[in-house]
Amino acid sequence: MDVSDLIDQLNDAQREAVCAPFSNQLVLAGAGSGKTRVLVHRIAWLMRVEQLSPHQILAVTFTNKAAHEMRERLATLFDHGAGALRSMWVGTFHGIAHRLLRAHWQEAGLPQNFQILDSDDQLRLIKRVYQELQVDDARWPHRQAQWFINGKKDDGVRAAYVKDDFDPFTKMMRSIYAAYEDACERGGMVDFAELLLRSHELWLKQPTLLEHYQRRFRYILVDEFQDTNSIQYAWLRVLAGKTSHVVVVGDDDQSIYGWRGAKIENIHQFQRDFSPVCVTRLEQNYRSTSNILNAANAVIENNGDRLGKTLWTDGVDGEPIDLYAAFNEQDEARYIVDQIKKWLDAGSVASEIAVLYRSNAQSRILEEAFIRADLPYRIYGGQRFYERLEIKNALAYLRLLVNRQDDAAFERVVNTPPRGIGNKTVETLRLLARDQGCSLFDACRGALANNVLPKRASGALTGFLDLLDALDDSAHDRSIAEVSRLVIENSGLLDYHQQEKGERGQVRVENLQELISACRSFEPEEEDRPALEAFLDRAALDAGDAQADDYEQAVQMMTLHSAKGLEFPHVVLCGMEENLFPHRMSAEEPGRLEEERRLCYVGITRAMEKLVLTYAENRRMHGKESFNALSRFAREIPSALINEIRMNAVVTRPAQFQSPRASKADAHGLNLGQSVRHHVFGEGVILQMEGRGTNVRVQVNFAAEGIKWIMLQYAALEPL
DNA sequence: AAGGCAAATGTTTTT
DNA sequence: CATTTGCCTT
């Protein structure tokens, strides 16, 4: 049999992993070591050499993006048999769990049309539970309860099994959790963590079913294994049983989701539970220059308790790493823009440049600088498409068409756009629904039939129900794109957003149109499910990250978290400051600090040819000015690899050290803490200053008028 | 019931 | 600083 096409281009370690005997496998794959390629080739190997059919293979990833990529790479490798690939299960943990629950809803104890709650829906439901239980949300914040519930579910713990240890907090959280479970049960709703928990329980409760899948999946592959949480691991272990073989691929140094319940220890645990395990290390890096790699290694070395892995390359040293000390965040953005312009002038393509940052909030200033410089850019993350308000509203109408009992959807749109159904009316419906143990929709019907509502409310509600019926009637025999167009137009959502003032309304109208085209291009994976329902599932499960357009020539901006798995010839890693990166919230605890360091490692290893680090000595955070030292991570990089750049030309520093603020002030003969007189506001004391040139602003605390910002350009301040 | 204004509140992200 | 939330008014 000829397998040369599968192994020819591989290095020794990669080949070892691809051609391993039929057994359990752990592949420790460093950044840029060709991990996806190994996975894809391993699948091909199994099919060709071990004669497995695609039907017997299960490939699990964490993100939809990774799942898509794997499918694509497989399709390229088997350019003939895309059809054969269709019977192979490739998906995220959640996607696969969902598929199982749809297929076996009865055995799982779910209604056939169960709905998926996204985190927004979940929070709303929790708020309603608070009302029901009359819990004080000031004392026990909603978000904390959401965090608690998801955390427990990720650990596989149901409310009934939460131990309180006489701790009032845990007791309270447990009762909220229990009530939340009830509410989900009643409404036939399943949140993300529940998908996994349920399908795990499904197998424990239905041995025959479990056996069926165990027999079917001879081989299971798991990507990004370092990100698995407890319930995912348990799920995997049960499914694998004693007969399936499992290959997991991961990198303990790239585990950055610990705060979300991911357990790196699962890598150790795997070697014990799935023994004997064939371990392969992929340490040769094909992505970055030697300098970049050495910097990454130097940083990650400071973490204890690693599995131990050192990336190496036989490539060139490459350029040194630039480190720019910016004056403030404006200067940082300016420098980044200038730097990128130089790269572009030198012939780089915009889409090969990425600007990475720790938190989304940093993107704004960059965005403004890019607009000013007229550079094309693209920001990833932030609000996802299917989570936008207007989209969720439109989807709620569609959900009601599928299932009138969907209370979450009902509440969302009963008065959206406003049609005269206020809180009072909805509250009455809620009470009725609770008393009769029925849905809001049924309660609404009942209330109208028995005439228990005031005339105005009845009129409005009748209008709403008629609208739904009319939409339902027109939905028959139409494509989902047509149906959603009708919904958006006839519900009044379109008019409502068109009337919205400003740019916001326009964006929302465009998004609604985008939804219609998303419907048009929707391709269901399974044929036997009604298209609309399948589409709604997709919307819940796949947040619709705007797929990166390869053709789009724009600089890529994103958080370090979303950069995982990507690579760029030029990378700028900005905001390299203590308190920002590592983040203030994480600096205290050693474990969380190590996770931040791994995040830094991920960031550095995204760069192929050139890496630039920047930091601002002075940055406005949450409206307050703060002075932060250079990040410890930057200091962990050997100075031989770094080319330090200070601002020159812009400001000439006085001989003795002065803070940037003080030098600005000097230009106007003003200083912090100085007393001044203003021709209108009288006397006061200078609190803060900012800006340069004609834009200097000074904050003064006036004895008579309080604190005000003064533009020196317009109003002179006289020193006292 | 709806719009307007003041106060609170700020990680990271996927599903 | 900027956005979101909730209260209060019409």
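All chains are named by letter (A, B, ...) in the order of the sequence lines, taking the proteins before the strands, and each is independently numbered beginning at 1.
- Salt bridge present: Glu595(A) and Arg598(A) bring a charged side-chain N and a carboxylate O closer than 4.0 Å.
- In this entry the distance linking CD of Glu194(A) with C1' of dT15(B) reads 14 Å, nearest Å.
- Between dA2(B), dT14(B), dA1(B), one nucleotide has an atom nearer to the side chain of Ser562(A) than all others, and that is dT14(B).
- The shortest side-chain heavy-atom distance between Arg99(A) and His94(A) does not fall under the 4.5 Å cut-off.
- With sequence neighbours left out, Tyr177(A) forms a side chain to side chain donor-acceptor pair (under 3.5 Å) with no residue at all.
- Residue Lys424(A) places its side chain closer to dA1(B) than to any other of dT12(B), dT14(B), dA1(B).
- With dA2(B), dT13(B), dT14(B) as the candidates, the nucleotide lying closest to the side chain of Asn415(A) is dA2(B).
- Residue Asn328(A) contributes atom CG, which lies 14 Å from atom P of dC1(C) at whole-angstrom precision.
- Among the nucleotides dT15(B), dT13(B), dA1(B), the one closest to any side-chain atom of Ser119(A) is dT15(B).
- Residue Trp147(A) contributes atom CH2, which lies 17 Å from atom P of dT15(B) at whole-angstrom precision.
- Straight-line distance from the CG atom of Leu541(A) to the P atom of dT13(B): 20 Å, rounded to whole Å.
- Nucleotides dT12(B) and dT5(C), compared at atom P, are 15 Å apart to the nearest Å.
- Here the P atom of nucleotide dT13(B) and the CD atom of Gln362(A) are 11 Å apart, to the nearest Å.
- Nearest to the side-chain atoms of His94(A) among the listed nucleotides dT3(C), dT15(B), dT13(B) stands dT15(B).
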Legend entry - Steps toward side-chain contact (heavy atoms from CB on, under 4.5 Å) verdict (Cys444(A), Leu465(A)): CA-CA 9 Å; Cys444(A) 182; Leu465(A) 297 192; 4.0 Å; yes
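- For Glu577(A), the side chain to side chain donor-acceptor pair (under 3.5 Å) partners are Arg619(A), not counting sequence neighbours.
- In this structure, Ile149(A) places its CD1 atom 21 Å from P of dT15(B), rounding to the nearest Å.
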Under 3.5 Å, which donor-acceptor pairs link side chains of residues 248-255 of chain A to any protein atom two or more places apart or in another chain?
{"from": "Asp251(A)", "atom 1": "OD1", "to": "Asp253(A)", "atom 2": "N", "distance (Å)": "2.9"}
{"from": "Asp251(A)", "atom 1": "OD1", "to": "Lys309(A)", "atom 2": "NZ", "distance (Å)": "2.8"}
{"from": "Asp251(A)", "atom 1": "OD2", "to": "Gln254(A)", "atom 2": "NE2", "distance (Å)": "2.9"}
{"from": "Asp252(A)", "atom 1": "OD2", "to": "Leu307(A)", "atom 2": "N", "distance (Å)": "2.8"}
{"from": "Asp253(A)", "atom 1": "OD1", "to": "Arg306(A)", "atom 2": "NE", "distance (Å)": "2.9"}
{"from": "Asp253(A)", "atom 1": "OD2", "to": "Arg306(A)", "atom 2": "NE", "distance (Å)": "3.4"}
{"from": "Asp253(A)", "atom 1": "OD2", "to": "Arg306(A)", "atom 2": "NH2", "distance (Å)": "2.8"}
{"from": "Asp253(A)", "atom 1": "OD2", "to": "Lys309(A)", "atom 2": "NZ", "distance (Å)": "3.2"}
{"from": "Gln254(A)", "atom 1": "OE1", "to": "Arg606(A)", "atom 2": "NH2", "distance (Å)": "3.4"}

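- Both Leu599(A) and Arg419(A) lie close to DNA chain B; mapped to their nearest nucleotides by heavy-atom distance, the more 5′-ward contact belongs to Arg419(A).
- By the stacking rule of 5.5 Å between ring centres and under 30° between planes, Trp259(A) stacks on the base of dT12(B).
- If you check every strand for non-hydrogen atoms under 4.0 Å, Arg364(A) touches sugar and phosphate atoms only.
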Under 3.5 Å, sequence neighbours excluded: what are the donor-acceptor pairs made by side chains of residues 363-370 of chain A?
{"from": "Ser363(A)", "atom 1": "OG", "to": "Asn360(A)", "atom 2": "O", "distance (Å)": "2.8"}
{"from": "Glu367(A)", "atom 1": "OE2", "to": "Tyr377(A)", "atom 2": "OH", "distance (Å)": "2.7"}

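- Place Asn360(A) and Ala457(A) on DNA chain B by their nearest nucleotides, and Ala457(A) ends up nearer the 5' end.
- The side chain to side chain donor-acceptor pair (under 3.5 Å) check on Asn415(A) picks up nothing, with sequence neighbours excluded.
- Distance, Gln122(A) CD to dT14(B) C1': 13 Å, rounded to whole Å.
- For Tyr257(A), the listed nucleotide lying nearest its side chain is dT14(B); candidates were dC1(C), dT15(B), dT14(B).
- If you check every strand for non-hydrogen atoms under 4.0 Å, Thr425(A) touches sugar and phosphate atoms only.
- Closest approach to the Thr559(A) side chain among dT15(B), dT13(B), dA2(B) is made by dT13(B) (side chain taken as heavy atoms from C-beta onward).
- Of the side-chain N and O atoms in Asn64(A), one or more sit less than 4.0 angstrom from OP1 or OP2 of dT15(B).
- Residue Glu595(A) is out of contact with every strand shown, counting any heavy-atom pair closer than 4.0 Å.
- Here the nucleotide nearest the side chain of His561(A), chosen from dT14(B), dT13(B), dA1(B), is dT13(B).
- In this structure, CG of Leu123(A) is placed 16 Å from C1' of dT15(B), rounded to the nearest angstrom.
- Of all nucleotides listed (dT3(C), dT13(B), dT15(B)), dT13(B) comes nearest to the side chain of Arg260(A).
- Among Arg632(A), Arg584(A), Arg358(A), the one residue that satisfies the salt bridge (charged side-chain N to carboxylate O under 4.0 Å, His left out) test with Glu596(A) is Arg358(A).
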Legend entry - Protein proximity profile, nucleotides 5-10 of chain C - base contact B, sugar-phosphate-only contact S, no contact -, cut-off 4.0 Å on heavy atoms: ------
